[in-house]
There are 2 protein chains.
Amino acid sequence: MKLFDNLQTKKIPKGTILLSKGDSCRSVYKVIKGCLKSYVIDKSGKEHILHFASEDWIMTDMDSFMNNKPSNIFIDAIEDSEVAFLTSSNYNDISQLDHGDLLEQNKKLVNNLITTNKRLINLLSATAEERYMDFIETYPTLIQRLPLKLIASYLGMTPEYLSDVRRKLAQK
Amino acid sequence: MKLFDNLQTKKIPKGTILLSKGDSCRSVYKVIKGCLKSYVIDKSGKEHILHFASEDWIMTDMDSFMNNKPSNIFIDAIEDSEVAFLTSSNYNDISQLDHGDLLEQNKKLVNNLITTNKRLINLLSATAEERYMDFIETYPTLIQRLPLKLIASYLGMTPEYLSDVRRKLAQK
DNA sequence: GTGATTTCTTAAGATACCTTAATTTTTATC
DNA sequence: GATAAAAATTAAGGTATCTTAAGAAATCAC
């Protein structure tokens, strides 16, 4: 049994909120078409994007999903999307996964960790300009597809400042 | 077979460099005693701490270890330490892990991801003061044990600024 | 226990990035 | 295709955090 095969799918119009802070996250979404974002809202009301998920990517709040806690994050569709989803109940079938499937799961988790760690390194050690250039290299398709203000949020800067960064880069 | 049982251990004096940028990381360390740090050095020569690992924590460069790439990070002992270590060759025995072991591995990876994601949220959305207070809550033992300048680096600020933050907190 | 090293603090000036607000450009709607 | 809405840019002034440098406090080495 493969975790994401033969799942139900549903269409999600742009702007739909799939998970709100305080909710318990009962699904793991796999994006078939479109794009989702996860984000937090800080004390002063500002939104900070944690992850994007476009085609074939997975999106969930792991902490909430695995540990049955209220979530601290939001998940929205930023394009008209279609998602396959795993619910808590069919996730419990994980114990029925065979050895090869578990190894595959393991590998995906490791890759996810590697990616998240790179993001961390980037936030800690790179300037706004470097982070933007790195994003362009790493996600060339997303940059064409998403509004810059969402990318700015993902990169940890304001849209206005990203605009400055882009202008300075263009002048070079 | 449990991954970290019955492994060799070795003593590592404070200051020892276990992994340097450019090296291929051939070990996963489990700290028996003492403390390690992993860090990057940015373009201007500044050090940014990625992780600490004290007793029972695991330390490695996953990207380098799993994908046999040259590493971008350093790993040093910041106290006289003792570590158990898994090498690439005995890691390949992972295919001999039984179902329960793999599930356990999976769970550890998930927990690691959850922790790293919290760190990310923190860096994106919290002020220096909030990050410091969060660190005290999350790692009360480390704060007593490690020099503040290392904690400042981990929190993404300079030691001088952390000192300011602490003074302002003390005045309240 | 004394000198040497490392850590921590303080303070002044600098800078990366933010805020607000207005304008322009692009995209969506009917 | 005109109008409305959303996104992107620009600019001025502000703030959080950094840099440099120096001194005080704590820790280490013998």
Side-chain angles (χ1 to χ4, degrees), chain A residues 13-16 34-35 37 39 41-49 52 76-81 122-136 142-172, chain B residues 13-16 34-35 37 39 41-49 52 76-81 122-136 142-172:
Chain A
K14 177 175 175 174
T16 307
C35 194
K37 67 175 175 182
Y39 59 101
I41 296 185
D42 72 19
K43 290 180 179 169
S44 67
K46 264 161 281 165
E47 176 178 322
H48 303 273
I49 294 184
F52 296 117
D76 293 4
I78 53 183
E79 296 176 353
D80 287 327
S81 302
N122 218 25
L123 275 176
L124 282 171
S125 67
T127 62
E129 178 178 318
E130 289 165 344
R131 275 178 273 143
Y132 172 64
M133 294 198 302
D134 192 72
F135 187 92
I136 293 178
L142 288 185
I143 199 109
Q144 317 216 26
R145 183 170 170 179
L146 302 181
L148 287 172
K149 66 172 187 171
L150 295 186
I151 290 165
S153 171
Y154 179 89
L155 294 175
M157 67 189 83
T158 60
E160 295 83 0
Y161 194 65
L162 176 55
S163 197
D164 285 357
V165 164
R166 282 160 51 83
R167 177 157 31 115
K168 276 168 200 155
L169 278 171
Q171 282 167 6
K172 287 182 182 172
Chain B
K14 178 175 175 172
T16 307
C35 194
K37 67 175 176 183
Y39 58 101
I41 296 184
D42 72 18
K43 290 180 180 170
S44 67
K46 263 161 280 161
E47 176 177 323
H48 302 273
I49 294 184
F52 296 116
D76 293 5
I78 53 184
E79 297 176 352
D80 287 328
S81 303
N122 219 24
L123 275 177
L124 282 171
S125 68
T127 63
E129 178 177 319
E130 289 164 344
R131 276 177 274 143
Y132 172 64
M133 294 198 303
D134 192 71
F135 187 92
I136 293 177
L142 287 186
I143 199 109
Q144 315 216 26
R145 184 169 170 179
L146 302 181
L148 287 172
K149 66 172 189 170
L150 296 186
I151 290 165
S153 172
Y154 178 89
L155 294 175
M157 67 188 84
T158 60
E160 295 82 1
Y161 194 63
L162 176 55
S163 196
D164 285 356
V165 164
R166 284 160 50 84
R167 177 159 29 118
K168 276 168 199 154
L169 278 171
Q171 282 166 6
K172 288 183 182 173

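So you know, we letter chains A, B, ... as the sequences are listed, proteins then strands, and number each from 1.
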Once you round it to whole Å, what is the distance between P of D/dT17 and CG of B/L123?
12 Å
Inter-residue atom distance B/F135.CZ - B/L155.CG, 0.5 Å rounding:
6.0 Å
A/L162 CG to D/dT10 C1', straight-line distance once rounded to whole Å
14 Å
Side-chain N or O of B/T158 closer than 4.0 Å to phosphate OP1/OP2 of D/dC18:
yes
With a 4.0 Å cutoff (strictly under), does any side-chain N or O of A/R167 reach OP1 or OP2 of D/dT9?
no
d(CG, A/D164; P, D/dT10) in whole Å:
8 Å
Indicate, with a heavy-atom threshold strictly under 4.0 Å, whether B/K14 touches base, sugar-phosphate, or nothing.
nothing
Just by modelled atom types, is the B/K46 backbone N or O under 3.5 Å from a matching donor or acceptor in the B/D42 side chain?
yes
With sugar-phosphate meaning primed atoms plus P, OP1 and OP2, does A/K46 contact a base, only sugar-phosphate, or nothing at under 4.0 Å between heavy atoms?
sugar-phosphate
Check the distance between D/dT9's C1' and A/M157's CE and give it to me in whole angstrom.
16 Å
Protein-nucleotide distance (A/K168, atom NZ; D/dT9, atom C1'), rounded to Å
13 Å
Please answer whether the main-chain N or O of A/I49 pairs with a side-chain N or O of A/S153 as donor and acceptor at a distance below 3.5 Å.
yes
Using a 4.0 Å cut-off to any heavy atom of chain A, which nucleotides of DNA chain C are the first and last in contact, reading 5' to 3'?
C/dA16 to C/dA21
Just by distance, do the side chain of B/D80 and the backbone of B/K14 share a donor-acceptor pair under 3.5 Å?
yes
Take atom CD of A/E160 and atom P of D/dT9, then tell me their distance rounded to the nearest Å.
11 Å
Could you tell me whether A/R167 and A/D164 make a salt bridge, using a distance below 4.0 angstrom between a side-chain N and a carboxylate O?
yes
Using 30° and 60° as the class boundaries, would you call the ring planes of A/Y154 and A/F52 parallel, tilted or perpendicular?
parallel
In whole angstrom, what separates B/K149's NZ from D/dA26's C1'?
13 Å
Between D/dA7 (C1') and A/I151 (CD1): distance, integer Å
12 Å
For B/I151 versus B/L146, what's the shortest heavy-atom pair and its separation?
CD1-O, 4.0 Å
Of B/A128 and A/P147, whose nearest nucleotide on DNA chain D comes first from the 5' end?
A/P147
